[in-house]
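Working notes for the structure below.
This one's a predicted model, so the numbers in the text were calculated from it and none came from an experiment. Every heavy atom of this structure was used, including side-chain atoms; hydrogens, water molecules and symmetry mates were not.
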Amino acid sequence: MTNSGFWAIGSIVLLVSSGQLTKNISKIVNPPGKPAGLEAHETHAGASLLGQFRTSTSSWLWLKTDLYLHNGVELRAQTDAEIAAGEEQIHDADGWHDAIGDEVRHVTAIPAKNSDPRGFFGDIERATQSFSDMHGHTHIDPKSALPLYRLMTWLDPQFLPGWTIGATVLANERKDSAVATAIEYLNEGLNENTQSIALRVEIARLKITRQRDFKGGIPILREASNLAQVADFDPNSEDGESALDAFRWLALSLREIGEFQESIDSAIRGLELFANDPVLMRMANPAPGIWIPESQKAYYKEMGKS
């Protein structure tokens, strides 16, 4: 055998031997299944970013919808300093802000001429930007903005204003079918936000004020008030602001159907959270002859004797 043949056979034997020694490599370079977290949307960071995107987009849509309803004129909340100074706020003429429960004191983002210290430069901005005197202003038909509210809830089902204001828009049409559609819309939101106080209060409010269905609204308000007593919510959030309404509506509705003692008990429970609320204080300490209906005076009179 020539030297070249010897070296060829030796090389083959060496390669075979090396392969036998590396039989476990496949377990390292070929891990079973798909590595966890390989796709961004399956990671905690990816979920967080997606959630931030949804919330940010819904908030952006909210601002754009408000701008659209105000004919492109941007409004802002008055500062504490402006309120303390007694500066005039802006009111609407069509009751839309009252309809949605908006208690914010508004002024235009671009100051009016009589309150703008910039003089000529302020005149330029008012002439070149969307601006008008918004005192006694009206809104574009809110119903035309309904697709925007629906889009908010599609992007972020936990964005409560999209549900509550969207329902207000639906119920704005004075038809029984419109109210039923609004309640259905709110129930859809409740399926996505099972612990929401605000959505329960809004459903009950429509049942009571628009359908005169006190008995249908009371169980929902009981749920809302019970959640308010155990929930750790932000007082400035949608649910926080609705918690007070839950106790108010419940006490008033119970009194309406003749459940006087439970009405008082509900008001007392509400005062545990909202100690200085004048409505709950009156409901918890009724004054017969002043504001109690005739049909209820006998009941409260007997209570006073006991």
Side-chain angles (χ1 to χ4, degrees), residues 95-105 160-161 163-172 179 182-183 185-187 189-190 193-297 299-300 303-304:
W96 171 244
H97 290 282
D98 288 337
I100 65 173
D102 184 5
E103 298 179 356
V104 175
R105 296 169 60 100
L160 295 183
W163 296 109
T164 55
I165 306 303
T168 301
V169 173
L170 285 166
N172 203 40
V179 177
I183 292 174
Y185 180 74
L186 287 166
N187 277 314
L190 193 57
N193 303 271
T194 56
Q195 300 301 303
S196 174
I197 298 170
L199 293 176
R200 285 179 169 83
V201 170
E202 195 63 18
I203 292 170
R205 186 185 69 81
L206 288 176
K207 283 181 173 291
I208 292 167
T209 61
R210 299 293 294 276
Q211 296 180 331
R212 305 301 295 172
D213 182 10
F214 290 93
K215 291 185 177 180
I218 286 172
I220 303 170
L221 290 169
R222 284 196 183 109
E223 290 180 6
S225 62
N226 290 337
L227 282 170
Q229 289 190 299
V230 299
D232 182 19
F233 54 75
D234 178 1
N236 297 317
S237 68
E238 288 286 316
D239 278 333
E241 293 175 357
S242 296
L244 174 58
D245 288 334
F247 288 104
R248 284 179 171 180
W249 279 110
L250 180 58
L252 289 166
S253 299
L254 287 166
R255 191 191 70 176
E256 183 68 24
I257 66 170
E259 297 291 342
F260 309 129
Q261 185 58 55
E262 189 179 354
S263 172
I264 293 171
D265 293 341
S266 297
I268 291 173
R269 285 197 301 125
L271 287 171
E272 293 174 2
L273 293 176
F274 306 98
N276 298 317
D277 182 64
V279 176
L280 292 177
M281 290 175 69
R282 289 205 310 271
M283 298 295 294
N285 301 281
I290 298 176
W291 63 280
I292 301 286
E294 283 292 334
S295 60
Q296 301 175 17
K297 287 180 182 178
Y299 171 82
Y300 289 111
M303 279 188 58

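Considering CG of L160 and CG of L190, their distance stands at 10.0 Å, rounded to 0.5 Å. Rounded to the nearest 0.5 Å, atoms CD1 (I203) and OH (Y185) are 12.5 Å apart. Annotation: the span from T209 atom OG1 to W249 atom CH2 amounts to 5.5 Å, rounded to 0.5 Å. The structure places CD1 of I197 at 11.5 Å from CD of E241, a figure rounded to the nearest 0.5 Å. To the nearest 0.5 Å, atom OG of residue S242 and atom CD of residue E202 are 7.5 Å apart.
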- [ ] Test side chain to side chain contact (heavy atoms under 4.5 Å, CB included) on L280 and L244 and set out the steps.
- [x] CA-CA 9 Å; L280 292 177; L244 174 58; 3.7 Å; yes

TODO: Take I208 and E256 through the side chain to side chain contact (heavy atoms under 4.5 Å, CB included) test and state the conclusion after the steps.
DONE: CA-CA 11 Å; I208 292 167; E256 183 68 24; over 6 Å; no

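Side-chain atoms of R255 do not come within 3.5 Å of backbone N or O of I264 as any donor-acceptor pair. Listed for the D239 side chain is no donor-acceptor partner under 3.5 Å among the backbone atoms of S196. No donor-acceptor distance shorter than 3.5 angstrom exists from the side chain of S263 to the backbone of E259, with no hydrogens or angles considered. A donor-acceptor pair under 3.5 Å is absent between the side-chain atoms of D213 and the main chain of K207, judged by distance alone. Looking at R248, its side chain never comes within 3.5 Å of a backbone N or O of V279 through a donor-acceptor pair.
Annotation for A284 and I268: closest pair CB-CG1, 3.8 Å, computed over non-hydrogen atoms. Of all heavy-atom pairs spanning S266 and L250, the tightest one is OG-CD2, 3.6 Å. Between L221 and A246 the shortest heavy-atom distance is CD2-O, 4.1 Å. In terms of heavy atoms, M283 sits closest to A267 at CB-CB, 3.6 Å. Annotation for A224 and V201: closest pair CB-CG2, 4.1 Å, computed over non-hydrogen atoms. Residues L186 and A167 approach most closely at CG-CB, 3.5 Å, considering heavy atoms.
Side-chain atoms of I183 and R210, non-hydrogen and from C-beta on, never get closer than 4.5 Å to each other. Taking the side chain as every heavy atom from C-beta outward, L254 and R222 approach each other to under 4.5 Å. V230 has its side chain out of reach of N226: every pair of non-hydrogen atoms, C-beta onward, lies at least 4.5 Å apart. F247 places a side-chain heavy atom less than 4.5 Å from the side chain of Q229.
D245 and R205 are not joined by a salt bridge, as no carboxylate oxygen comes within less than 4.0 angstrom of a charged side-chain nitrogen.
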